[in-house]
Protein chains: 2
Amino acid sequence: MKNKSTVTIKDVAKRAGVAASTVSRVINNKSLISEETREKIMEAMRELNYFPNSLARNFANGNACAIALAIDANDNTTFSNVFFNKSVFGIETVAQNNGYNILITNGKEEKGGVSSIEKLILERKIDGLILPSVMAKRKLIKKLFELDFPFVILGEPENFKLESSWVDINNIQGGELAVNHLIQKGYKRIAFLSSNPKAIFSQNRLAGYKQALTFAGFDVNEKYIASCEETLPAGYNLLKEVFKTSSLPDAVICSDNITAFGVLRAASEMGISVPRELGVLSFDNYPIAEYTNPPLTVVDVDTYSLGEQAASILIRKIEREKEVNQQTLISTRIISRESTNLKGELL
Amino acid sequence: MKNKSTVTIKDVAKRAGVAASTVSRVINNKSLISEETREKIMEAMRELNYFPNSLARNFANGNACAIALAIDANDNTTFSNVFFNKSVFGIETVAQNNGYNILITNGKEEKGGVSSIEKLILERKIDGLILPSVMAKRKLIKKLFELDFPFVILGEPENFKLESSWVDINNIQGGELAVNHLIQKGYKRIAFLSSNPKAIFSQNRLAGYKQALTFAGFDVNEKYIASCEETLPAGYNLLKEVFKTSSLPDAVICSDNITAFGVLRAASEMGISVPRELGVLSFDNYPIAEYTNPPLTVVDVDTYSLGEQAASILIRKIEREKEVNQQTLISTRIISRESTNLKGELL
DNA sequence: TTAAGTTATGCAAACGGTTGCATAAAATAC
DNA sequence: GTATTTTATGCAACCGTTTGCATAACTTAA
């Protein structure tokens, strides 16, 4: 951009016949300014098409007016998809409304053993950080505490769960909703499948499942709970495994979408009719879930709100000096589709 | 962060017994510095754990060292998914290697009728812009030209195609590959379905389809080309429509994933066996394509490279004064899966 | 040995805002 | 009418780097 026309605050001041500091105060709504002067200055700014140079402002103020959103370059399934996308919009909206820019970074180590995140902090390029839980490793969190740097974790973390602020969807409640929905639809023997049993979200979904079953007076049958640690054959193999039990389940809850797709496929190959012989319900409302055969009933998670929450908690942390940590859970809801429509009701 | 320990370049200078300007020159590898002095300074920086304050640097240099990536908040299907995710990583990597941060923004209007993008530019928060083609509206592009602001469009744009730099995947070549693959697999009557016929990518894919058919000595049968402008029932209805023709196709190319899912579903309902009676091939390698029933053969697009290209062209534009525009196309490749395996070969 | 050229470093102004302090002007109190 | 408070504005220092210019120290050429 050669167009460094660079109309500065001084030009505006001269034009309006006031001091630069007065212009600054108008821009920032600081202290009292007479209506007359304010009008003159606004006029001058308009005439000169003045925009404050944020490089100078940030420098003078000593804050970057920016927050970083870390993204995990290794993980392009779980996080990068639905979960991530919409929460970015939530984060972005809140950030923008509060005058913050959002800056993305992978957490990779750079030359010199400093991670890109740490570098951003030390170079003062950001005022706060939103960190997906998969990236919330011990070492990094400790560093953040040490620097007393504001951050919020997106998703329940494994480490420092109580000492840090985080937001997540309410996976336990989601598990309960799933069970209740299936029971209400008339299913009686409900299985739970997961391709990622160690993940906290899976564990919580499972916990909700067990709780709701118990509460509804059903037994928790361990044979109905299956998981494998590879993503690829998930669902497909899991379903076959569960179907080895003597008393077959009549519905399955899948902790993630990939599992659900595997299940649908296995069911189709095994000649099991969905939803008549098997109800299928999955977490995470991928757009594609609407187009499967049959369309999937899902636990929908409002990741937009998740992002909004994360950003607003972070900004509060940045702006008020010290703030207590908080953990926020966003409720889920069921989107009922054909895959759990046991009785053939009109949807 | 209360820890405003703020060790500045002056502290380093004092410690090393030199002037601040000398330290600055070491940091920036400017002009000649004696090995001895350099060593002393490096030592001092290490001892004091000094990191240059980038707010001050950016201010002094007059550039933000940042590029914006615009994301379209309205479009959460086409762009936000696969296409977007991986290209972000490509952009991020190149940006980081060149010392640029990447900043995301939706292009929404803010108060005062200035779009968030324009605001970033006028406030000097960014040095360049990567703009998805869906957001490359006339008005904005004109503004960018007017400001002489460096930008690169992600995806072939409708407007100012020749006057601007853009990168895209080679959709024509992709269409050709798709046809050739199907022919090679033994299919003879190939249809083309699209849920978004007006989109340039669809048109190009269709053009490649026609070209390859002609080149291979097949007729282009207009009855085999179908499209609708709604996303929802795409594929499903399209397939049924195409199947109304007297001579049925034995393979379909879907210009997008949603269409492909609809096709698979319709085929299953209509009792048409895939791939025996109908080959199905889709563009865009969504992770889910591996788990459909049967797994989908896809035209894979290397969006990571796309991002890399976009970023490096942009950075060249920023750093070298005036640069000619360039249009870059990234080749695609086929990932062959069961859905086009007519002869039951081992995959 | 001195002049001319080279190399390494320091000095100080500049970048464009913000803000504490000082003060003039206006309003209120007595 | 003067003293006091309030309100509105200006002055100038400062934020931490960068960089043009000046110069000291050292080489090389004669």
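For the numbers below, each heavy atom of this structure counts, side chains included, while hydrogens, waters and symmetry mates do not. On a predicted model such as this, the values are computed, not experimentally measured, just so you know.
- Protein chain A contacts DNA chain D from dA8(D) to dG16(D), reading 5' to 3' and using non-hydrogen atoms of the protein with a distance under 4.0 Å.
- Going from atom CG of Leu129(B) over to atom CD1 of Ile153(B) covers 9.0 Å, rounded to the nearest 0.5 Å.
- Taking Arg15(B) as the reference, Glu47(B) meet the salt bridge (Lys or Arg N to Asp or Glu O under 4.0 Å) condition, with sequence neighbours excluded.
- Not counting sequence neighbours, the partners of Lys143(B) by the salt bridge (Lys or Arg N to Asp or Glu O under 4.0 Å) test are Glu118(B), Glu146(B).
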Item checked: Where protein sits on nucleotides 12-19 of chain C, one letter per nucleotide: B base, S sugar-phosphate only, - none, heavy atoms under 4.0 Å -> B--BBSBB
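- In this structure, Ile67(B) and Ala95(B) approach most closely via the heavy-atom pair CD1-CB, 4.3 Å.
- Near DNA chain D, defined here as any heavy-atom distance below 4.0 Å, the residues from residues 34-48 of chain A are Ser34(A), Thr37(A), listed numerically.
- Partners of Glu158(B) by salt bridge (Lys or Arg N to Asp or Glu O under 4.0 Å), not counting sequence neighbours: none found.
- Take Asn106(B) and apply the side-chain hydrogen bond (donor to acceptor under 3.5 Å, both in side chains) test, not counting sequence neighbours, and it matches Glu92(A).
- Taking CG of Leu154(A) as the start and CG of Leu306(A) as the end, the distance is 5.0 Å to the nearest 0.5 Å.
- End-to-end axis angle of the helix from dT1(C)-dA30(D) to dC30(C)-dG1(D), using five pairs per end and rounding to 10°, comes to 40°.
- Taking CD1 of Ile102(A) as the reference point, atom CD1 of Ile102(B) lies at 9.5 Å (rounded to 0.5 Å).
- Pairs engaging residues 18-40 of chain B under the salt bridge (charged side-chain N to carboxylate O under 4.0 Å, His left out) rule: Glu39(B)-Arg46(B) [sequence neighbours left out].
- Take Ser164(B) and apply the side-chain hydrogen bond (donor to acceptor under 3.5 Å, both in side chains) test, not counting sequence neighbours, and it matches no residue.
- Shown here are the salt bridge (Lys or Arg N to Asp or Glu O under 4.0 Å) partners of Glu308(A), two or more places apart in sequence or in another chain: there are none.
- Residue pairs meeting the ring-ring contact (aromatic ring centres under 6.0 Å, His included) criterion with at least one member in residues 118-148 of chain A, sequence neighbours excluded: Phe145(A)-Phe151(A), Phe145(A)-Phe160(A).
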